[in-house]
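What you see below is based on every heavy atom in this structure, not just the backbone, and it leaves out hydrogens, waters and symmetry mates. A quick note: this is a predicted structure, and the numbers were derived from the prediction, not measured. Starting from 1, each residue takes its place in the sequence as its number.
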Amino acid sequence: MLAKRIIPCLDIKDGQTVKGTNFVNLRQAGDPVELGKAYSEQGADELVYLDITASHEGRKTFTELVKRISAEINIPFTVGGGIHELSDVECLLNAGADKVSINSSAIRNPQLIDDIARHFGSQVCVVAIDARQTPQGWKCYLNGGRLETDRFLMEWAEEANSRGAGEILFTSMDHDGVKEGYANEALAELADRLTIPVIASGGAGKKEDFRDAFTLGKANAALAASVFHFGEIPIPELKDYLCKEGIAVRR
């Protein structure tokens, strides 16, 4: 049985870590390098850094910050935001990132998934999907949740899988920051449909929510932000709890 991964997510705006609810009402959570270093020491399996306004503001992501993170952190980390072409990916990998996360740019140009997988390997390409439930079903959103698209979660995830994505990072916008659990039904359906790992995002409020994401949601990894940033769930404590619940985690 593959060990489940615990992944703190650091949303970056103006060089600082921030966290909101339902993608709005942002508050500061600390220095991204120091936070990342602390999580690495606490036993986090990976980190995700997202430049949350890069696509909306039409700029490239934060290469200098990535270099600083790489110098201080000894676990794999993924970087996302403002990645539109192969040269952006190359730049971030050269700066020390292990993987890149693409979201808006992938929906606008699905060929980018194929290109990243072919040039750098599928393991480098994480396709992030921000979606919320509508009367028509789970719809995908762009630009940090600002723009509704005509793409649906399941069919888009399947296309990303077939194009060579290495993982799907699914964030339920309805659950984001609410702390009442992940979107486990949608996660389980993704896990059943896809041949690649699914990372759960949006909704962690207590240790049981992680357990449920792994058991009910069949997720391969669980990502969270505020419960880690504000000290509500220490990572060692979370891993001890999951072990007792019979869930394999990396120690």
Side-chain angles (χ1 to χ4, degrees), residues 7 9 11 23 46 48-63 66 77-94 97-134 136-174 176 183 186-202 219-221 223:
I7 307 177
C9 179
D11 291 340
F23 283 40
E46 297 179 21
V48 170
Y49 286 89
L50 298 176
D51 188 338
I52 59 171
T53 57
S55 291
H56 180 61
E57 295 170 1
R59 59 182 168 72
K60 303 295 187 185
T61 197
F62 36 30
T63 312
V66 171
F77 70 97
T78 300
V79 177
I83 297 166
H84 301 290
E85 54 200 15
L86 287 179
S87 59
D88 298 334
V89 179
E90 188 164 23
C91 194
L92 291 166
L93 295 178
N94 287 341
D98 296 277
K99 309 176 195 176
V100 296
S101 168
I102 53 174
N103 187 336
S104 303
S105 57
I107 288 184
R108 291 194 172 106
N109 173 24
Q111 180 63 34
L112 183 59
I113 302 170
D114 305 70
D115 293 344
I116 294 172
R118 191 169 65 250
H119 281 81
F120 304 107
S122 288
Q123 79 284 353
V124 163
C125 185
V126 178
V127 173
I129 304 176
D130 298 331
R132 67 162 28 119
Q133 281 188 303
T134 71
Q136 296 80 39
W138 283 93
K139 294 288 279 289
C140 301
Y141 282 70
L142 301 182
N143 292 20
R146 294 174 179 84
L147 208 61
E148 185 181 320
T149 73
D150 59 358
R151 302 302 303 259
F152 289 92
L153 169 63
M154 296 301 162
E155 56 92 5
W156 171 232
E158 287 181 319
E159 180 178 335
N161 186 163
S162 68
R163 285 180 175 275
E167 296 180 278
I168 297 293
L169 167 53
F170 161 52
T171 301
S172 166
M173 295 170 61
D174 300 315
D176 176 67
L187 282 166
E189 186 175 347
L190 283 171
D192 288 341
R193 287 178 177 235
L194 305 180
T195 61
I196 55 176
V198 177
I199 304 169
S201 169
N220 300 88
L223 177 147

Margin query: With a 4.5 Å cut-off on side-chain heavy atoms, are V48 and F77 touching?
Written below: no

Notebook entry, point to check: Side-chain contact, heavy-atom cut-off 4.5 Å: P197 with I168?
Noted result: no

Item checked: Donor-acceptor contact below 3.5 Å, side chain N220 vs main chain V198 -> yes

Note to self: Which heavy atom of P110 sits nearest to which heavy atom of I107, and what is that distance?
What the structure shows: CD-O, 3.7 Å

Check: Between Q136 and Q133, is there a donor-acceptor pair closer than 3.5 Å when you use the side chain of the first and the backbone of the second?
Finding: no

Notebook entry, point to check: Ignoring hydrogens and geometry, is there a side-chain-to-backbone donor-acceptor pair from S105 to I102 under 3.5 Å?
Noted result: no

Next item on the list: Any chance you could measure L86, atom CG, to L112, atom CG, to the nearest 0.5 Å?
Entry: 6.5 Å

Checklist line | Side chains of N161 and T195, donor plus acceptor under 3.5 Å | finding: yes

Notebook entry, point to check: Say you draw a straight line from CZ of R151 to CG of L142; how long is it, rounded to the nearest 0.5 Å?
Noted result: 10.5 Å

Note to self: Is there a side-chain contact (heavy atoms from CB on, under 4.5 Å) between I196 and E167? Walk through the geometry before answering.
What the structure shows: CA-CA 6 Å; I196 55 176; E167 296 180 278; 5.5 Å; no

Notebook entry, point to check: How about N103 and I129: do any of their side-chain heavy atoms sit closer than 4.5 Å?
Noted result: no

Notebook entry, point to check: Do you know which two heavy atoms are closest between G164 and S122, and how far apart they sit?
Noted result: O-OG, 2.7 Å

Notebook entry, point to check: So, the side chain of T63 versus the backbone of L92: is there a donor-acceptor pair under 3.5 Å, distance only?
Noted result: no

Next item on the list: Give the minimum heavy-atom separation between C125 and I116, together with the two atoms involved.
Entry: CB-CG2, 3.7 Å

Next item on the list: For the residue pair M154 and E189, establish whether any side-chain heavy-atom pair is separated by less than 4.5 Å.
Entry: yes

Check: Where is the tightest heavy-atom contact between I83 and S101, given as atom of each residue plus distance?
Finding: CD1-O, 3.8 Å

Note to self: Using modelled atom types and a 3.5 Å cut-off, is there a donor and acceptor pairing between side-chain atoms of T171 and backbone atoms of M173?
What the structure shows: no

Notebook entry, point to check: So which heavy atom on C9 is nearest to which on L223, and how close?
Noted result: CB-CD2, 3.3 Å

Item checked: Least distance between heavy atoms, A97 atom then V66 atom -> N-CG1, 3.9 Å

Checklist line | Sidechain-backbone polar pair: N109 side chain, A106 backbone, donor-acceptor under 3.5 Å | finding: no

Margin query: Counting the benzene-type ring for Trp, do W138 and F170 have ring centres under 6.0 Å apart?
Written below: yes

Note to self: Assess whether a salt bridge exists between K99 and E46, defined as any Lys/Arg side-chain N lying under 4.0 Å from an Asp/Glu carboxylate O.
What the structure shows: yes

Next item on the list: Kindly indicate whether the side chain of V127, heavy atoms from C-beta on, has any atom under 4.5 Å from the side chain of W156.
Entry: yes

Next item on the list: Please determine if R132 forms a cation-pi arrangement with Y141, meaning its NZ or CZ atom is less than 6.0 Å from the six-membered ring centre and no more than 45° off the ring axis.
Entry: yes

Note to self: Do V89 and V124 have side chains that approach each other closer than 4.5 Å (heavy atoms only, starting at C-beta)?
What the structure shows: yes

Item checked: Test salt bridge (charged side-chain N to carboxylate O under 4.0 Å, His left out) applied to R193 and E159, E158, E155, the passing residue -> E158

Next item on the list: Consider only side-chain N and O atoms of N94 and E90, and report whether a donor and an acceptor are under 3.5 Å apart.
Entry: no

Notebook entry, point to check: Roughly how far apart are D115 CG and R163 CZ, rounded to 0.5 Å?
Noted result: 9.5 Å

Note to self: I'd like to know if the side chain of T149 and the backbone of C140 have a donor-acceptor N/O pair within less than 3.5 Å.
What the structure shows: yes

